[in-house]
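Along the sequence shown, residues are numbered consecutively beginning with 1.
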Amino acid sequence: MKLSDIPIPTSAAATAACEVSAAYCPPALYNHVIRSYLWGAAHAIANGITFDEELLYVAAVLHDMGLMKEFDSHTVSFEEVGGHVAWVLAAGAGWPPERRERLAQVIVRHTWGTVDAAEDPEVHLLELSTGMEITGLRVEEIPAGLRAEVLTAYPRLDLAAEFTACFEDQANRKPDGRAAEFIRAGLAGRVSVNPLDA
């Protein structure tokens with residue numbers, strides 16, 4: 001599989017999501033959200049998982065918007081904020097209410113833990129791909145050639161330090177949020193040994 005084999009949605013919502021993410025995310029986090037889609041889509045293609053390409057793309061590209069200072073809430077968990085941002089963008093793109101809610105749900109649920117692909121393919125793929133991105137979980141399932149191609153096109157830069165700092169900040173200000181749970185469970189240590197950064 002090559003990078004060119006992975007479909008990149010070009011709908012109004014997908015294009016807008018990419019523009020918003022590029023405008024507000026620092027380069028390392030922007031590359032991270034793009035790779036999150038690519039790893040998820042590659043896994044789906046390799047394993048015969050049928051998924052909604054546009055839905056996964058928009059969810060992946062916007063899933064960390066709640067970490068950005070312009071959208072951050074001192075009371076709402078970052079993934080819920082991301083869901084709200086995505087809902088608003090999708091409304092502007094003309095998505096019907098049910099699809100907007102579904103988009104927000106994918107973003108919120110991607111931090112809940114392993115979800116079976118048969119139950120919810122988009123949540124499964126976003127949870128899996130973000131796990132690959134942040135801790136290297138199951139990254140060996142992505143072919144080495146594709147990994148190299150994606151990392152050349154979208155380098156990791158200082159993602160480990162930036163992401164850990166974002167989560168530690170969230171944890172300090174919102175001790176009941178998901179970011180705090182991840183930090184208490186040792187996320188920083190796992191991020192520091194991600195094989196994608198080797």
State, with a plain yes or no, whether a side-chain heavy atom of [X] is found less than 4.5 Å away from one of [Y].
{"X": "I183", "Y": "N172", "answer": "no"}
{"X": "N31", "Y": "P155", "answer": "yes"}
{"X": "L3", "Y": "L38", "answer": "yes"}
{"X": "D116", "Y": "H124", "answer": "no"}
{"X": "V20", "Y": "L89", "answer": "yes"}
{"X": "I34", "Y": "C18", "answer": "yes"}

Same cluster (ILVMFWY, side-chain, under 4.5 Å), [X] and [Y]:
{"X": "Y30", "Y": "L157", "value": "no"}
{"X": "V108", "Y": "V88", "value": "no"}
{"X": "L103", "Y": "I8", "value": "yes"}
{"X": "I45", "Y": "V139", "value": "yes"}
{"X": "I142", "Y": "M1", "value": "yes"}

- Run the numbers on L125 and Y37 for side-chain contact (heavy atoms from CB on, under 4.5 Å), then give the verdict. CA-CA 8 Å; L125 294 170; Y37 169 76; over 6 Å; no
Hey, what do you get for [atom1] ([X]) to [atom2] ([Y]), rounding to the nearest 0.5 Å?
{"X": "H110", "Y": "D120", "atom1": "NE2", "atom2": "CG", "answer": "13.0 Å"}
{"X": "D5", "Y": "E149", "atom1": "CG", "atom2": "CD", "answer": "8.5 Å"}
{"X": "T164", "Y": "F182", "atom1": "OG1", "atom2": "CZ", "answer": "13.0 Å"}
{"X": "D64", "Y": "I134", "atom1": "CG", "atom2": "CD1", "answer": "7.0 Å"}
{"X": "T114", "Y": "L128", "atom1": "OG1", "atom2": "CG", "answer": "8.5 Å"}
{"X": "E127", "Y": "M132", "atom1": "CD", "atom2": "CE", "answer": "10.0 Å"}

- Report the C-alpha separation of E101 and W87 in whole Å, then their side-chain angles, then the decisive distance to 0.1 Å, and conclude whether the side chain to side chain donor-acceptor pair (under 3.5 Å) test is met. CA-CA 7 Å; E101 291 293 341; W87 191 100; 3.2 Å; yes
With a 4.0 Å cut-off on N to O distance, would you call [X] and [Y] a salt bridge?
{"X": "D169", "Y": "K174", "result": "no"}
{"X": "D52", "Y": "R99", "result": "yes"}
{"X": "D72", "Y": "R173", "result": "yes"}
{"X": "R102", "Y": "E122", "result": "yes"}
{"X": "R138", "Y": "E141", "result": "yes"}

Closest heavy-atom contact between [X] and [Y]?
{"X": "I107", "Y": "A59", "result": "CG1-O, 3.7 Å"}
{"X": "C166", "Y": "L29", "result": "SG-CD1, 4.2 Å"}
{"X": "M65", "Y": "S21", "result": "SD-CA, 4.2 Å"}
{"X": "A180", "Y": "P175", "result": "CB-O, 3.4 Å"}
{"X": "S129", "Y": "L126", "result": "OG-O, 3.3 Å"}
{"X": "V123", "Y": "V115", "result": "CG1-CG2, 3.6 Å"}

- Item | Name of the residue among L196, L151, T130 meeting side chain to side chain contact (heavy atoms under 4.5 Å, CB included) with R35 |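 Of the listed options, the one satisfying the test is L151.
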Could you check whether any side-chain N or O of [X] sits under 3.5 Å from a backbone N or O of [Y], counting only pairs where one atom can act as donor and the other as acceptor?
{"X": "S77", "Y": "E80", "value": "no"}
{"X": "R190", "Y": "A185", "value": "yes"}
{"X": "E133", "Y": "S36", "value": "no"}

- Item | Enclosure of Y24 OH (heavy-atom neighbours >12, cutoff 6.0 Å) |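 Result for OH/Y24: open.
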- Geometric cation-pi criterion, R100 with W95: 6.0 Å, 45°: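 Relative to the ring axis of W95, which defines the angle, R100 lies outside at least one limit.
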- Item | Plane angle bin for H63 and H32 - parallel if under 30°, tilted between 30 and 60°, otherwise perpendicular |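 Taking H63 first and then H32, their aromatic rings stand perpendicular (interplane angle over 60°).
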- F78/F167 aromatic ring centres below 6.0 Å: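 Between F78 and F167, the centre distance is under 6.0 Å.
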- Stepwise side-chain contact (heavy atoms from CB on, under 4.5 Å) check, R156 with N194: CA-CA 11 Å; R156 290 181 65 79; N194 187 332; 3.3 Å; yes
- Task: Assess whether side-chain contact (heavy atoms from CB on, under 4.5 Å) is satisfied between F71 and H84, documenting all intermediate values.
- Result: CA-CA 10 Å; F71 303 102; H84 290 303; over 6 Å; no
